[in-house]
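In what follows, a structure is listed as structure tokens, so that the remarks can point back to it.
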Amino acid sequence: MEEASKNLQNIFHLRWTFKIALACLLATIAANFFHLSLAFLTVLAPLALMVLYPYQLVAKSLERILGPAIGTLIGAAALALSNNVLLQIMFMIFILMLSGYLFFREIFPYASVLGGVVGVLVINQALISTPHEGIELGINFVIATFVGALIAYIVNRLVWPVKLKQPFFLQLGNLIQTFAKPQSSSLDIADFVALKQLLANCTPELGEDVVNTYYELLLSLRALYFKYRRLAFEFNTLEEASHQLVIATNTFTNLSSALNQTYQQFGKAISCQEPCAINFAALEQLLAQAEQNLTQAYQDCLSKSQATDEVLKLFEIQFLYRGIIESLQQSQQIYTDIVNNKPHLSNHTKKESHPLFPIQFAGIKIGVKLTLTILLMIFINRLFRLSDSTQEIITCMVLIIQPNIGRSDRKSLLRFAGVAVGGIISFIALFILAYAPHFSLLLFLMFAGIFATAYVGLSGERYGYAGFQAGMMLPLILLVELHPPTSLTLAFQRFFGVLLGAVIVSVIQRFLWPVHPWQQLKQVFANELKRVQALFEQKFFPADSEKKALAGKDYADTWTVHTQLLKDVSDEFVSDNTKNLLYTQIANFIYEIYASLIALNAAAFQQNNFISETYPIFMPTYQGIQKQLDNILAYFETDAKLENLTLNLQDIFSQQLKVLQTQKLTYNLPIQALQNYAILISTLKSILAQLNLLARTAEKF
């Protein structure tokens with residue numbers, strides 16, 4: 001199955017690469033046929049849209065067209081209002097500040113930055129020559145982009161639509177079957193993030209409602225993953241069972257085998273897009289048999305006046321098994337609803353739009369950084385007398401809006417590599433065209449070069465951006481004229497301009513205005529700990545909780561944020577694998593605490609007399625957890641000194657358990673009370689263990 005999935009992905013990769021090369025070839029022909037003055041933009045449009053936004057093509061095409069169109073109108077209005085050079089420069093600054101702020105607020109970010117750059121290009125061209133030429137530059141930019149975007153849409157949606165559903169289903173099925181492997185060692189939370197991205201790309205094929213339902217399925221499977229991992233940990237810490245518990249332990253072994261078969265069955269059904277009827281009655285029967293065996297073992301312990309610690313441990317494991325079956329049942333029900341075209345109410349909320357007000361200082365900083373960078377690039381362009389500043393200004397814009405050093409360094413390095421490789425390929429093609437200046441040969445070289453670079457561009461995060469940049473250099477250098485180029489001067493100027501733009505941004509991002517991803521990640525951790533705090537208070541201090549709204553907020557999208565920021569941290573500390581590992585561990589520890597609280601039904605404890613009686617005994621532990629959450633939160637937010645209280649908390653908790661054992665409060669309990677007690681103990685142990693690991697890991701920063 002995994003081999004079939006890999007082969008299918010390779011086939012899809014080749015087909016999609018061929019589509020991109022075909023669209024760029026048609027764009028080259030169209031630019032020549034319509035005599036477009038900015039022909040390279042006509043080819044860049046389908047290349048950028050189909051590599052970077054293949055399944056948001058319509059929305060991003062509109063942004064790519066409307067942004068420059070609005071920027072042209074604003075630039076033309078600025079030129080009409082005044083001929084004063086100083087005032088026109090002030091207009092340029094205002095346009096860049098506004099576009100940077102809109103990008104930060106995520107209000108049509110793609111359109112805002114492109115529109116801002118085009119508006120600046122219009123005014124800059126007017127300052128160089130005449131207002132008429134400035135406005136003409138903006139209009140030509142819009143026309144060339146429109147033609148390229150239209151060709152991309154025609155090829156992508158009408159001529160050759162490529163489906164992505166099958167790779168998604170195969171990978172999702174493989175992920176579920178991985179649960180059946182010992183310890184699920186090959187599975188990682190990043191696999192869920194990759195599937196989420198692949199699912200988002202399937203939106204045009206599946207429809208938004210179906211995609212949201214599959215998103216719910218992924219969330220359910222992710223919860224299943226964490227429960228599975230915790231169960232494996234509990235089994236590893238389980239000591240050799242006494243004679244009375246052997247039967248119960250064997251029942252759990254049988255239940256594990258049955259679940260492994262269920263994972264295989266469910267995964268294969270999803271891979272083949274077929275209905276799946278899981279025999280949950282058989283799983284429930286095995287679980288009930290385990291409970292019956294545990295009850296018998298508990299009664300044997302009581303008759304011999306033995307401690308019930310081993311029974312409690314197995315009741316904890318039974319609790320985890322029940323949680324796994326419930327998550328699996330939820331996942332299967334969601335999938336059944338999809339197969340039967342039955343509407344499913346999704347709990348996933350779309351990303352909130354960010355209003356313009358109140359004014360955010362971070363957005364102003366991005367606007368200032370963008371403004372200074374673009375103005376510096378324009379000054380250097382004038383200084384070196386480069387004939388065309390369009391592409392180098394776009395280069396600066398793309399790199400300077402990156403949110404931190406890690407991502408900027410990654411893109412800068414890949415951009416350098418892409419520009420170098422693409423420049424070499426382009427200049428080789430230019431020398432060939434110098435000896436054989438035929439338009440058909442230009443088309444062939446363009447198609448072959450785009451095919452090779454786009455194939456790398458679609459290869460993934462590691463080298464994909466370099467391939468994309470190499471592909472961009474081909475039209476930028478080869479289409480300096482509407483016929484096979486006869487001069488290398490303009491080509492060299494464009495190549496030098498792009499390279500210079502990348503250097504300038506790298507210096508600014510690294511030395512003059514650095515933003516470290518680990519600082520952003522700490523803020524993410526702080527926000528998540530606030531949700532954990534609110535949920536903890538809601539579970540254990542329901543009368544005093546004032547954070548119910550925060551506890552109920554969607555926690556689902558943070559896994560994507562973690563993954564992206566962890567990549568950025570890895571790029572900044574590329575040689576510091578220890579620090580990269582620490583951040584990854586912290587992200588997992590916080591989610592483990594959150595997942596433990598989600599699984600805990602505190603209402604059931606309050607209804608049970610035994611729990612009500614013993615609740616005050618654990619109050620020091622509850623208050624200690626609350627205090628330690630405050631302590632770690634203060635560390636992430638203000639770098640306050642971290643006092644490791646969790647070791648003491650574990651000692652206090654152990655003493656409380658000894659009190660219960662000494663007073664024999666767990667003896668002669670009804671089974672339901674013992675089960676609830678085991679769940680409470682299991683949850684508290686898990687929270688304390690993760691808090692301890694979280695504090696120790698944070699101290700190593």
Side-chain angles (χ1 to χ4, degrees), residues 179-180 224 227-228 230-263 265-266 277-333 596 599-611 613-614 657 660-661 664-686:
F179 285 118
L224 178 64
K227 291 175 182 178
Y228 183 93
R230 185 174 164 191
L231 177 67
F233 172 79
E234 291 291 344
F235 261 121
N236 289 336
T237 59
L238 183 65
E239 297 178 1
E240 186 177 351
S242 62
H243 178 71
Q244 289 89 348
L245 302 179
V246 169
I247 297 177
T249 307
N250 289 340
T251 306
F252 285 133
T253 302
N254 296 336
L255 183 56
S256 290
S257 299
L259 275 172
N260 288 342
Q261 293 176 4
T262 302
Y263 298 142
Q265 175 190 355
F266 191 24
I278 298 175
N279 188 359
F280 285 104
L283 296 175
E284 291 286 350
Q285 185 176 358
L286 284 171
L287 195 61
Q289 183 63 48
E291 182 177 337
Q292 182 179 348
N293 294 339
L294 281 173
T295 302
Q296 183 62 50
Y298 178 49
Q299 292 172 348
D300 290 344
C301 288
L302 293 179
S303 65
K304 298 178 181 179
S305 299
Q306 294 178 341
T308 57
D309 292 349
E310 290 179 294
V311 182
L312 282 172
K313 183 70 172 179
L314 290 180
F315 269 123
E316 293 175 27
I317 292 176
Q318 184 210 16
F319 159 63
L320 293 174
Y321 268 118
R322 181 165 296 282
I324 285 175
I325 292 175
E326 288 174 355
S327 291
L328 188 58
Q329 195 163 12
Q330 180 187 21
S331 301
Q332 193 267 344
Q333 184 59 54
S596 297
L600 180 65
N601 186 359
F605 303 147
Q606 302 303 320
Q607 297 169 3
N608 187 281
N609 290 333
F610 169 74
I611 298 300
E613 293 171 3
T614 57
L657 291 179
L660 293 175
Q661 294 168 2
K664 298 186 177 181
L665 295 177
T666 58
Y667 288 28
N668 301 315
L669 287 175
I671 292 297
Q672 185 61 47
L674 189 67
Q675 287 178 324
N676 287 340
Y677 174 70
I679 294 170
L680 175 64
I681 298 303
S682 175
T683 303
L684 288 176
K685 285 197 301 185
S686 174

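Sequential numbering from 1 along the given sequence is applied to the chain's residues.
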Problem set entry | Spacing of Thr262 atom OG1 and Leu283 atom CG [to the nearest 0.5 Å] | 4.5 Å
For this session: Check Leu287 against Tyr321 and note the closest heavy-atom contact, atom names and distance.
Result: CD1-CB, 3.9 Å
Problem set entry | Donor-acceptor contact present, side-chain Gln265 to main-chain Ala277, <3.5 Å | yes
Seminar exercise, completed: When every non-hydrogen atom of Phe266 is compared with those of Leu328, the smallest separation belongs to CD2-CD1, 3.9 Å
Problem set entry | Listed partners of Ala288 passing side chain to side chain contact (heavy atoms under 4.5 Å, CB included), at least two apart | none
Problem set entry | Residues in side chain to side chain contact (heavy atoms under 4.5 Å, CB included) contact with Leu286, at least two apart in sequence or another chain | Asn254, Leu255, Ala258
Problem set entry | Within 6.0 Å of CD in Gln285, more than 12 heavy atoms from elsewhere | no
